[in-house]
Colleague: 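Structure incoming, see below.
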2 protein chains.
Amino acid sequence: MSKRSATVSPLEAHLGYWLRFVSNQVSHSFSVKLAGRGMSVAEWVMMRELYECDAMAPSALAERIGMTRGGVSKLADRLAVKGMLTRTASAEDRRYQAVALTAKGRAILPKLAALADQNDAEFFAHLKAVERDKIADVMRDIVRRHGLKAVPVD
Amino acid sequence: MSKRSATVSPLEAHLGYWLRFVSNQVSHSFSVKLAGRGMSVAEWVMMRELYECDAMAPSALAERIGMTRGGVSKLADRLAVKGMLTRTASAEDRRYQAVALTAKGRAILPKLAALADQNDAEFFAHLKAVERDKIADVMRDIVRRHGLKAVPVD
DNA sequence: TATTGTTATACTCTATAACTATA
DNA sequence: TATAGTTATAGAGTATAACAATA
């Protein structure tokens, strides 16, 4: 064994390397599917978040999906132009906005969710349920251990 | 159960979601460590690749690390400015270049590799070796099944 | 004509901070 | 003054394609 390989471990020795390798490909494959419907992954994440509630403030969205307020602002702009969401200033405190999906946005979301399901299945459906659960458990545990904040770019 | 949750599965139901969540944090944590030495993750990847050989053509590098030739060109520019690598036109075919680490680049690389080791340990050292191996095996298998190309942003 | 590497353009996402309007 | 949202700037990364030099 040369001194070179003894002092510098190969990239492939890191679990993080393999996670990112697969994760990047899963995300890229999903982004290709979304592009077929004119959507980006970031747009999907924001819409998915809004789907769970009636309305949300941009700052709350930023917190939930791990983006800056500036990023949320630009993203919301794009989605508003596409007719996917609306922004309404609060009556009580006009600094606040209520961001909400439009009927169009709410109608299209299940179709995007189906793409997400399909994409996940393409990469992981061949695994036994026990294996999938085990890996997800490990990942959840790591998130918990590190107190990680949301960066959901499914 | 509402119709809403019945038709749209939650993000957390996807294994891809958890992989990306953890993978993003591992990479971000590594990028912070590298920034302490004035390096980016992409720069680390390119240098790590060059460490394995004496010299490599930019086009070969692009293929190996999953970047475009344009991207490699810009990245190599930055690393050359930092004195980490040199570019030499081939004598036989002057279209070709030999990109190689400088002594400085080769000297600093083990220190960057140590950061990579440390970073991976921070996230995965608590796992049993069997668990780590199992997960890495699953990821390698997925890479093999999909014939995936390199996107090593460890 | 085909190929290598470079450069230019455009777009996404990030981070930081200045700016506005409201309170 | 503090906060919510917007806008501007700069940076790294991607993709595409035009380009020069070389074969």
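Lettering of chains follows the sequences in order, A, B, ..., and the numbering in each one begins at 1. Model, not experiment: these values are computed from the prediction.
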Colleague: Whole Å only: how far is the CG atom of B:Leu34 from the P atom of D:dG13?
Modeller: 11 Å
Colleague: Are there over 12 heavy-atom neighbours, none belonging to B:His28, within less than 6.0 Å of that residue's NE2?
Modeller: no
Colleague: So, OP1 or OP2 of D:dG5: does either fall under 4.0 Å of a side-chain N or O from A:Ser59?
Modeller: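 For A:Ser59, the contact criterion (side-chain N or O under 4.0 Å from OP1 or OP2 of D:dG5) is met.
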Colleague: Between B:Arg69 and B:Glu63, is there a salt bridge with N-O shorter than 4.0 Å?
Modeller: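 So B:Glu63 does not pair with B:Arg69 through a salt bridge.
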Colleague: Protein-nucleotides 20-23 of chain D N/O pairs closer than 3.5 Å?
Modeller:
residue	atom	partner	partner atom	Å
D:dA23	OP1	B:Arg94	N	3.0

Colleague: Does the pair A:Lys33/A:Glu122 count as a salt bridge with the N-to-O cut at 4.0 Å?
Modeller: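 The answer is yes: the pair qualifies as a salt bridge.
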Colleague: Can you check the B:Asn24 CG to C:dC13 C1' distance for me, whole Å?
Modeller: 12 Å
Colleague: Send over the distance from B:Asp77 CG to C:dT4 P, rounded to a whole Å.
Modeller: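 Rounding to the nearest Å, CG of B:Asp77 and P of C:dT4 are 19 Å apart.
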Colleague: Given the rule that I, L, V, M, F, W and Y join up when any side-chain heavy atoms are under 4.5 Å apart, are A:Tyr51 and B:Tyr17 in one cluster?
Modeller: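 A:Tyr51 clusters together with B:Tyr17.
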Colleague: Under a 4.0 Å threshold between the charged nitrogen and the carboxylate oxygen, would A:Asp77 count as salt-bridged to A:Lys74?
Modeller: no
Colleague: Could you check how far CE of B:Met56 sits from P of C:dT4, rounded to whole Å?
Modeller: 15 Å
Colleague: How many Å lie between CZ on A:Arg78 and P on D:dT7, as a whole number?
Modeller: 14 Å
Colleague: When the distance from CG of A:Leu75 to P of C:dC11 is rounded to whole Å, what number comes out?
Modeller: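 It works out to 16 Å between those atoms.
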Colleague: Please check if atom CZ in A:Arg140 has more than 12 non-hydrogen atoms from other residues, nucleotides or ligands closer than 6.0 Å.
Modeller: yes
Colleague: Nearest whole Å is fine: how far is D:dG13 C1' from B:Ile65 CD1?
Modeller: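 Distance, rounded to whole Å: 12 Å.
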Colleague: Rounded to the nearest Å, what distance is computed from the NZ atom of residue B:Lys74 to the P atom of nucleotide D:dA15?
Modeller: 11 Å
Colleague: Angle between the end axes of the helix from C:dT1-D:dA23 to C:dA23-D:dT1, five pairs per end, to the nearest 10 degrees?
Modeller: 30°
Colleague: Could you tell me whether B:Lys134 and B:Asp137 have a side-chain N and a carboxylate O separated by less than 4.0 Å?
Modeller: no
Colleague: Under 4.0 Å between any heavy atoms, over every strand shown, what does B:Ser73 touch: base, sugar-phosphate, or nothing? Just pick one.
Modeller: base
Colleague: Give the nucleotide from the list D:dG5, C:dG5, C:dT7 with an atom nearest to the side chain of B:Arg69.
Modeller: C:dG5
